[in-house]
Amino acid sequence: SHDWGYGDDNGPAHWGEMYPVANGTRQSPIEIIPSQAQYDPTLKHLKLKYEPSTATEIINNGHSFQVGFADDTNKSTLSGGPVTGTYRLKQFHFHWGSRDDHGSEHTIGGIPFPCELHLVHWNTKYPSFSEASDKPDGLAVVGVFLKLGSANPSLQKVLDKLSAIQSKGKQAEFTNFDPKTLLPHHLHYWTYEGSLTTPPLCESVTWIVLKDAVSVSHAQMTIFRSLLFSTEEEAPKHMQDNFRPPQPLKGRVVRCNFK
Ligand SMILES: COc1cccc(N2C=Cc3cc(S(N)(=O)=O)sc3S2(=O)=O)c1
Ligand SMILES: [Zn+2]
């Protein structure tokens with residue numbers, strides 16, 4: 001089948017041909033305009049509880065790389081914040097640019113960051129991740145911006161593994177890692193109802209985008225770009241610019257838990 005990607009003939013502008021929901025009413029990412037966000041005093045603080053031993057493997061899936069987590073228990077969960085109930089951590093992954101002046105999916109006041117981290121959680125009211133993945137309240141994704149600055153030692157633990165998964169389809173063991181070490185100190189956030197930012201683009205995501213960014217160095221950004229979209233057999237294509245541009249808000253309101 002005509003595989004989706006980020007190229008000229010299979011990139012975001014073409015996704016609607018295979019996935020009509022691409023033109024739906026709650027698509028992601030969006031441009032976040034801080035002055036237009038509504039402070040909601042009823043929003044709870046975000047409760048993230050991650051157990052490092054639940055990290056299992058790191059995979060190059062040909063679109064990004066992701067660190068997967070064992071989700072058969074409530075050892076690594078998200079609760080509170082804008083959601084009701086308990087959501088289990090399934091995986092985290094990133095989106096980044098070919099240069100340091102762009103690469104994130106969400107933007108703030110039209111400004112992009114070089115990289116954006118997504119921590120994907122699913123609602124335990126459903127029996128499994130795949131059951132949850134297409135329900136309106138099925139997923140909660142925490143988005144974290146990475147801004148250029150000093151090298152991030154916690155991120156480096158993940159980047160050190162990328163040489164083992166350079167090509168599409170490669171995976172390696174990856175455990176004893178606490179994703180909390182990738183988060184900023186304060187968990188102030190914007191939240192809105194959206195979608196997966198890649199096919200199948202399901203409108204099943206409660207987005208929780210953190211206001212504070214964490215650091216990444218230029219040298220670390222070049223390690224992201226050393227990954228390949230291509231398999232070992234194909235002509236090498238550097239994995240970069242794997243982001244979808246902001247989508248129409250279509251009347252949605254973005255709320256925040258900070259003034
Ligand atoms: C059966 O549904 C499934 C099964 C396996 C994987 C996925 N996914 C696909 C895309 C996708 C995009 C995400 S993002 N960038 O918005 O955080 S998260 C995510 S996923 O849920 O892991 C869906
Ligand atoms: Zn993502």
Side-chain angles (χ1 to χ4, degrees), residues 1 3-6 10-12 15-16 18-19 21-22 24 26-32 48 55-71 76 78 83 87-97 102-107 112-124 126-146 155 158 168-169 171 179 182-183 189-210 213-214 216 224 227 229 239-247 252:
S1 73
D3 258 358
W4 67 272
Y6 293 94
N10 68 353
W15 292 353
M18 293 265 276
Y19 303 91
V21 73
R26 55 174 281 188
Q27 288 292 293
S28 294
I30 59 168
E31 177 186 353
I32 294 168
L48 299 172
T56 49
E57 83 289 323
I58 189 167
I59 299 176
N60 178 333
N61 60 25
H63 308 297
S64 180
F65 71 92
Q66 65 185 55
V67 172
F69 288 78
D71 60 352
S76 291
L78 176 159
V83 301
Y87 287 62
R88 275 183 199 165
L89 178 64
K90 173 78 179 166
Q91 53 107 326
F92 69 75
H93 63 274
F94 301 81
H95 303 262
W96 61 91
H102 68 281
S104 64
E105 299 209 297
H106 292 90
T107 58
F113 288 78
C115 187
E116 185 173 335
L117 160 64
H118 290 158
L119 297 127
V120 183
H121 311 73
W122 57 275
N123 193 335
T124 56
Y126 301 107
S128 69
F129 167 81
S130 47
E131 278 283 317
S133 62
D134 63 352
K135 305 299 185 295
D137 60 351
L139 303 177
V141 183
V142 175
V144 187
F145 293 116
L146 279 69
L155 177 65
V158 180
K168 175 179 180 180
Q171 74 176 63
L182 290 175
L183 303 181
Y189 63 85
W190 291 285
T191 184
Y192 75 97
E193 299 303 294
S195 74
L196 301 175
T197 65
T198 71
L201 298 168
C202 304
E203 297 190 325
S204 58
V205 181
T206 297
W207 276 96
I208 301 165
V209 180
L210 301 189
V214 297
V216 63
F224 278 95
L227 282 176
F229 280 130
M239 188 180 278
Q240 56 193 16
D241 291 334
N242 56 351
F243 62 92
R244 187 191 196 188
Q247 300 301 305
R252 288 173 285 179

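Ligands are counted one by one from 1 in listed order, and the atoms in each one are counted from 1 as well.
Between F69 and P179 the shortest heavy-atom distance is CZ-CG, 3.6 Å. Taking every heavy atom of both residues into account, P246 and E31 meet most closely at CB-N, 3.7 Å. L210 and F145 get closest at one heavy-atom pair: O-CD1, 3.8 Å.
Scanning all protein heavy atoms for the shortest distance to atom 17 (O) of ligand 1 gives H93 CE1, 3.2 Å. The protein heavy atom nearest to atom 11 (C) of ligand 1 is T198 OG1, 3.6 Å. With hydrogens left out, the protein atom closest to atom 5 (C) of ligand 1 is F129 CE2, 3.7 Å, a heavy atom.
Within ligand 1, counting atoms from 1 as listed, the ones closer than 4.0 Å to a heavy atom of H95 are 15 (N). Counting the atoms of ligand 1 from 1 in the order shown, those under 4.0 Å from a heavy atom of Q91 are 22 (O). With ligand atoms numbered from 1 in the order given, ligand 1 contributes 17 (O), 18 (S) to contacts under 4.0 Å with heavy atoms of V120. Within ligand 1, the atoms closer than 4.0 Å to a non-hydrogen atom of S133 are 1 (C), 2 (O), numbered from 1 in the order shown.
With respect to the Zn ion (ligand 2), H118 has ND1 as its nearest N, O or S atom.
There is no protein heavy atom closer than 4.0 angstrom to atom 8 (N) of ligand 1.
Checking H121 against D71 by side-chain atom types alone, no donor-acceptor pair falls below 3.5 Å.
Within the 4.0 Å heavy-atom shell around ligand 1 one finds P199. Ligand 1 lies within reach of W207, whose nearest heavy atom is under 4.0 Å from it.
Ring pair Y192/H106: centre-to-centre distance below 6.0 Å.
Taking the charged nitrogens against the carboxylate oxygens, R26 and E203 have no contact shorter than 4.0 Å, which rules out a salt bridge.
Side chain of N242 to backbone of H63: a donor-acceptor contact under 3.5 angstrom is found. S64 contributes no side-chain N or O that, together with a main-chain N or O of H95, makes up a donor-acceptor pair within less than 3.5 Å.
For the pair NE2 of H93 and NE2 of H95, the angle at the Zn ion (ligand 2) is about 100°; rounding is to 10 degrees.
When V142, L119, L196, L139 are checked for heavy-atom proximity to atom 19 (C) of ligand 1, L196 turns out nearest.
Ring geometry for F65 versus W96: interplanar angle of 30 to 60°, hence tilted.
Considering backbone and side-chain N/O of T197, one or more are found under 3.5 Å from N/O of ligand 1.
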